[in-house]
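Reviewing the structure listed below.
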Amino acid sequence: MNGAEQEPARAELSAIGQALAILGDRWVLLILQRAFLLRIRTFAAWRDALGISESVLASRLKELVGHGIFQLAAYRNGRTRYEYRLTGRGLRLWALLVAIHTWERVWANRRQLQPLRHDLCGEDANPYLGCGSCLASMSARDTRTEFGPRAVFSRSGPSRRHRRTVHPVAESDLIGYCPDSMEILGDRWSTSILSAAFLGTHRFVDFQSELGIAPSVLTDRLRRFVELGVFDPRPDGSYGLTDKGLAFFEVFAFLVDWAQGELPGPEGSALSITHRPCGAAFDPVLLCTACVRPLRRHEVRFILSGEGTAETAR
Ligand SMILES: [Zn+2]
Ligand SMILES: [Zn+2]
């Protein structure tokens, strides 16, 4: 693990910081995406589907097992073989993966990504973020966030992994590489900057002091966010979220929800988020545009062209 010695002990990171340390990697996101969409369970199947080197795949799977996202299970097929099954913790990443997929379809002009069919109404779900309490839609603007006294996203160095290790797969790949999401989530600094923006930070100096980020790294990430159309530079030198950037709150919501539900952070490091219109504590759900009911993992399936339907992971 590169740079491990400069990183704070994992226990010092907030739950969100820990989640980013686990998930903030393009290969990890691609492995999970294939597990959910294609129900891939074996080393050979990921290797063939992703064109990933065996050593990189082995290290990522080992980490994911170590974090309790997959468990290694033996089964008999002539001789004993092993497969990686999503644990309960792993399965609870489903909404995050669907949110990434949805955001890419809508905001990254990736309409060729397959739609999600809702079994309960038979329509394309076109999921949107809602509040689990009042079932109204929810955006960054109608939530209120209170920081714990020690809320820290990441004060550690840049991502432990080399960037740009993933070669984009063909444009025609219907499962999708999700380049824009990976640009954001695949780099811990990028997610930290965007998270800070959701929580009201707009100025260079404030990003710098709140995140403890080197100016050169910050300059680079801000420039990329402007190129991606996520940030809008303002005349006064600050950065505002564009509609595309604001919409990424849907992904951020499920990241926060999973992190804080699954990974214990140090006391006082949690974010407390409230849905302002109803006053309920943060409980993000995905709602179906057609029937306005919450989407559940067992009740949706991706429509893969030419292959009928693919159920998402059980
Ligand atoms: Zn609500
Ligand atoms: Zn529906």
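Remember, predicted model here, so these are calculated numbers, not experimental data. Numbering of ligands and ligand atoms starts at 1, following listing order. Nothing fancy with the numbering, it's 1 onward along the sequence.
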query = Got a second to check how far Leu29's CG is from Leu96's CG, nearest 0.5 Å?
reply = 7.5 Å

ask   = About how many Å separate SG of Cys291 and CZ of Arg293, when rounded to the nearest 0.5 Å?
value = 4.0 Å

query = What angle, in degrees and rounded to 10°, do you get at the Zn ion (ligand 2) when you join it to SG of Cys121 and to SG of Cys288?
reply =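 Seen from the Zn ion (ligand 2), SG and SG are separated by roughly 110°.
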
task = Have a look at the Zn ion (ligand 2) and estimate, to 10 degrees, the angle subtended by SG (Cys291) and ND1 (His118).
result = 100°

request  = Start with the C-alpha distance between Val226 and Asp232, add both sets of side-chain angles, then the distance that settles side chain to side chain contact (heavy atoms under 4.5 Å, CB included), and finish with yes or no.
outcome  = CA-CA 6 Å; Val226 171; Asp232 197 11; over 6 Å; no

note = Closest to the Zn ion (ligand 1), among the N/O/S atoms of His275, is atom ND1

key: Minimum heavy-atom distance Phe231-Leu241, with the two atoms named   = CE2-CD2, 3.4 Å

